[in-house]
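What follows is a short report on a single structure.
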Amino acid sequence: MMIINSIFSEFLKYSVTPLRYKQNLAEQTVMEEVSQYIPSLMAWLSKHTCVSDSSGRSPAAEKKFGLKGKIDLTVKAQLRKTKASREEVKVLPLELKTGKASFSSEHKGQVTLYSMMCSDRRPDPQEGILLYLKHGEMETVTVKPESKSGLVQLRNRLARDLSRQVTTETDENGRKTYFLGSLPPPINNERACSKCSHLQTCSIYQRSVEKPELPPNHAMSKLVPEAMGHLDGEDLAYFLHWILCLDVEGKESGRRQLSSIWCTSGQQREKEGDCLSNMVITASELGIPESQSFNDGKGCSLTFSRHPSYAGAALNTVGLTTGDMVVLSSEDGHLIALATGFVRNISATLVEIVVDRDYLHKTSEYKDVKFRLDRNDSFSTAGYLYTSLSKLMDPTPQGSWLRNLIIKRQAPEFELKVSKSCLYKVKSIFKPLNKPQRTAILKVLMAKDYVLIKGFPGTGKTSTIVALVKILQLLGLSVLLTSYTHSAVDNILLKLKKEGVHFLRLGRQGRIHPSILPHCAEILTSSPSINSVQALRKFYDSYSIVATSCLGVSNHPVFQQRSFDVCVVDEASQVLQPACLGPLFHCRKFVLVGDPKQLPPVVQSKEARSLGMDESLFVKLDNRGATYDLNLQYRMNRVIMELSNRLVYEGQLLCGDPSVAEQCLQIDTSLLSDQPKWQKAALSPKIQNSVVFIDTQKIAATEIQDGKGLKNKMEADIVLILLKQLMKAKVGGETVGVISPYRSQVQLLQQMVHACLPLAGVEVNTVDQYQGRDKSVIIVSFVRTETDNVGELLKDLRRLNVALTRARCKLILIGNTVALKVYDNLAPLLSWLQETQNVSFYVFVSLLGKFDQCKNSGGKLRLSD
DNA sequence: ACTCTGCTGAGAGGA
């Protein structure tokens, strides 16, 4: 059965309903196409096989030659070379082809590679079988040593060329300039190249980077100008700029490769937090729903524990967490990349992963095998980003519309007014909105191209999007709702759900909020009533609102078939420009929502940042007459708001409501007896004391390098004293947040809070994680005390802005003013706080001389006045 | 000089 199943799964690639939908195939065509292969297949089976269930296991990757691929089928074959020679039995790779028998060198080469892969786990078969199912032709491909070395050499050459994509030149001042590297000269084959899907990109690259010297009459001399005739110099410059950014980021951030699995031991990789070593399988289970997005089978999960002989760290402290992608291999290096999957559950002693291969369910074969689970980061979104850039260059109306708006920065157009009947329809949704929110929505209705909605902190971005989506739906317009993160998408959807709006959510189930799962496409389409292309199309078309992540747009079949009236991108100022393009290919106008004064897209390498890679599409399109500010905020009281108005918003931020402006910390100070003065000041409920800075410059609160991170124990102690006081004075723990720019400090604080105030509900997190959220009370621990070796992190005004705009009533800042003055952004803030301390809200608390007292009390911190 | 979310992929064929 295994053999037959494997063979039929080959056909399944064509018969899976979503795929047919994606390729817009009629049901019958597919069935006819599939059924024509069945007779020759059955004939072949009866002639050559006695059906027995061999394991059917085929390697996914190979160690000796560094190959990776999936073999259709391995068969145990009895071979009789000549009449004289004895029968030989060996396991061979079998490659199925549904087309006409060509026995082309490509096909033979593929079998050669598979045979090489087999040789890593079994005796080298040195041959393989090609089976063409159209007429049932079969041929044994004999693998010659020279074709092996030929293929490996070819691969190595290509790998070398691709690894030199970026070249650098360093000038006398040590400044680096990056250049795109060139590839080997193009082949001269008009027939192949004219139909190649990469012709356009290849042409741009040849024209702008490689500039090969071609002989006269070379196919490319004609094809290149044809392929890029619709592009001008500006288009090319944009394209090349972003390709360079992506290349530099890839090079400098040092992407981890799969090869590290066979170059580094499991225990070594575990130290780096990227691997669980010495694992054994303890259980397996079939029928795992989460596997659906990548598995045609029933979905298999495997549970591992440590091998009894190995006393490693608790599994959930190593660094792998739920949802991480992993590769499964054996410790001895015999089974490389046996399967890939993701972590479903992880505890101190057990880890459960969902794998892409159902046959691993039969775990008896592996009972003596020690496994390792490596984080699978080798895959990156880069491929998708390159594709989006190339799509932007396409000679399509959509491509040229987007190029005009984005690259040429053509002014977006608007209708002059919104019709009366339209206004009447949306009246009730408009009612609870404030003026800037209404203006922004009206502009979206009038826009022909795009609108940017700049949502300052606490100004009701989500409510505005919710209202906008409802209005668009009411007007009969379809909406593609996206954001960079799944959590931001679900944030909006949770509100829409509450209002009874009908929508469809696409994306991996593991990433989707539990209460949104019932709206998830995979779950809804699994209903037995959706069993044909028509039913599936009807299902997808019945939703006017479709929501997913920006990158989730890339591969879903819906987007090959559908276009939307309006696309909304939330968090748009945090989305990499090429990633933001994805959803825009599928809409007639778009709305970007964000705030460029808050955090920019994550770019790992400083080099790529210096090229401008962190410029979001939001920033690129800002100031083109289509930006509308939401400036009425409902979060911070006037004192806290004033701080970020000084720092970044230049007075534009206004309180949306007088009660917001005057809100103060609700604290029962009568419960706090003989408090030192600095604590009294820090926790004062008076509005003029809403922002407090606790300066640690006079006490020994020094930053500590902790592996890759930074932490500051003394600052953490001060945070904890304040938290305890707050809890004592009946301030709800869930209304209090602690923020630090540094992960290590966050971890330290989390441990301490967990130990001392386990049930209080105080949330400790990084600045980055707190974006988009707020708490009544926020305590910020700045950590840094050194004045040299200043870090990148605090240099970013946007990160500081986020830290300062999370608090509603009380913002307590803890840091060393001498060290923090080194930062250009912080210096004016600090001096302003110091200057105005008498007139407004800066409370300067000196802890001079208190450190000795701490030491005397046996290491226990006891800060008194 | 430390901040972090995305994405399964490999191969299906047609001259």
Side-chain angles (χ1 to χ4, degrees), chain A residues 9-16 19 23 33 60-61 68-72 95-100 102 104 106-107 110 132 134 189 191-192 194-195 253 291-295 323-327 337 339-342 354-356 376-385 387 482-489 507-508 510-511 548-555 571 574-576 579 582 599-606 609 614 703 705-711 740-746 765-771 783-784 786 788-796 798-799 802-803:
Chain A
S9 78
E10 201 63 18
F11 294 124
L12 272 173
K13 287 172 187 161
Y14 300 94
S15 60
V16 177
L19 190 65
Q23 295 171 347
E33 208 167 317
K68 200 172 158 228
K70 284 186 182 172
I71 301 174
D72 283 346
E95 172 66 14
L96 294 167
K97 295 286 173 200
T98 49
K100 277 189 254 168
S102 65
S104 65
E106 285 93 338
H107 290 172
Q110 193 178 357
Y132 291 91
K134 199 150 205 162
N189 185 337
R191 226 183 47 180
S194 65
K195 285 179 185 156
S253 69
S291 70
Q292 278 181 10
S293 53
F294 63 79
N295 199 330
D324 282 356
M325 297 295 179
V326 288
V327 188
T340 60
F342 59 87
V354 176
V355 292
D356 58 346
N376 188 12
D377 270 351
S378 65
F379 179 78
S380 77
T381 50
Y384 170 56
L385 303 179
T387 309
T482 65
S483 174
Y484 191 55
T485 58
H486 287 288
S487 62
V489 173
R508 268 228 339 260
R511 295 266 166 232
T548 187
S549 67
C550 284
L551 298 164
V553 169
S554 64
N555 254 334
E571 293 186 323
Q574 291 182 76
V575 186
L576 281 176
L599 289 166
V602 176
V603 175
Q604 291 175 29
S605 71
K606 212 158 69 176
R609 263 200 304 277
D614 58 357
E703 65 176 64
Q705 191 89 31
D706 172 31
K708 298 174 186 172
L710 288 171
K711 61 185 179 188
S740 177
Y742 300 93
R743 189 90 253 170
S744 296
Q745 180 73 348
V746 166
N765 228 324
T766 55
V767 178
D768 300 55
Q769 295 284 345
Y770 254 104
Q771 169 138 340
V783 175
R784 302 279 344 215
E786 298 291 326
D788 45 356
N789 290 329
V790 291
E792 286 281 302
L793 213 53
L794 282 173
K795 275 188 191 161
D796 200 324
R798 296 167 291 195
R799 183 166 282 109
V802 171

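Each chain gets a letter, A, B and so on, in the order its sequence line appears, and its residues count up from 1. Note that the structure is predicted; figures quoted are calculated from it, not measured.
The distance from atom CZ of A:F342 to atom P of B:dT5 is 18 Å, rounded to the nearest whole Å. For the pair A:E95 CD and B:dA10 C1', the computed distance is 11 Å after rounding to whole Å. Taking atom CG of residue A:L385 and atom C1' of nucleotide B:dT5, one finds them 12 Å apart after rounding to whole Å. Going from atom CD of A:Q705 over to atom P of B:dC2 covers 8 Å, rounded to whole Å. Atom pair A:L576:CG and B:dC4:P shows a separation of 15 Å (rounding to whole Å applied).
Between A:K606 and B:dA1, a side-chain N or O to OP1/OP2 separation shorter than 4.0 Å is present. In terms of phosphate contacts, A:H486 brings a side-chain nitrogen or oxygen within less than 4.0 Å of OP1 or OP2 of B:dC7. For the pair A:Q604 and B:dC2, the criterion of a side-chain N or O lying under 4.0 Å from OP1 or OP2 is not met. Residue A:T485 has no polar side-chain atom (N or O) positioned under 4.0 Å from OP1 or OP2 of B:dT5. Listed pair A:S102 / B:dA15 fails the phosphate criterion, with no side-chain N or O lying under 4.0 Å from OP1 or OP2. Between A:K100 and the phosphate of B:dG14, there is no side-chain N or O to OP1/OP2 separation shorter than 4.0 Å. Close to B:dT3, at under 4.0 Å from its OP1 or OP2, lies no side-chain N or O of A:Q574. In this structure, A:R784 reaches the B:dC2 phosphate: one of its side-chain N or O atoms is under 4.0 Å from OP1 or OP2. Under 4.0 angstrom from either OP1 or OP2 of B:dC4 there lies at least one side-chain N or O belonging to A:T766. Within the structure, a side-chain polar atom (N or O) of A:Q769 is placed less than 4.0 Å from OP1 or OP2 of B:dC4.
If you run side-chain contact (heavy atoms from CB on, under 4.5 Å) between A:Y132 and each of A:E95, A:K100, A:H107, only A:H107 comes through.
The base of B:dT3 has none of its N or O atoms less than 3.5 Å from a complementary donor or acceptor on the side chain of A:R743.
The side-chain heavy atoms of A:Q745 and A:L710, taken from C-beta on, include no pair separated by under 4.5 Å.
When the nucleotides B:dC4, B:dA1, B:dA15 are ranked by their closest atom to the side chain of A:R191, B:dA15 comes out on top. Comparing atom distances between the A:L551 side chain and each of B:dG13, B:dT3, B:dC7 picks out B:dC7 as nearest. Listed nucleotides: B:dG6, B:dA12, B:dC2. Nearest to the side chain of A:Q110: B:dA12. Of the candidate nucleotides B:dA12, B:dG6, B:dC2, B:dG6 has the atom nearest to the side chain of A:S549. Set against B:dC7, B:dG13, B:dC2, the side chain of A:L710 has B:dC2 as its closest nucleotide.
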Please evaluate residues A:T548 and A:V553 with respect to the criterion side chain to side chain contact (heavy atoms under 4.5 Å, CB included), reporting the C-alpha separation (whole Å), side-chain torsions for both, the decisive distance (0.1 Å), and the verdict. CA-CA 7 Å; A:T548 187; A:V553 169; 3.7 Å; yes
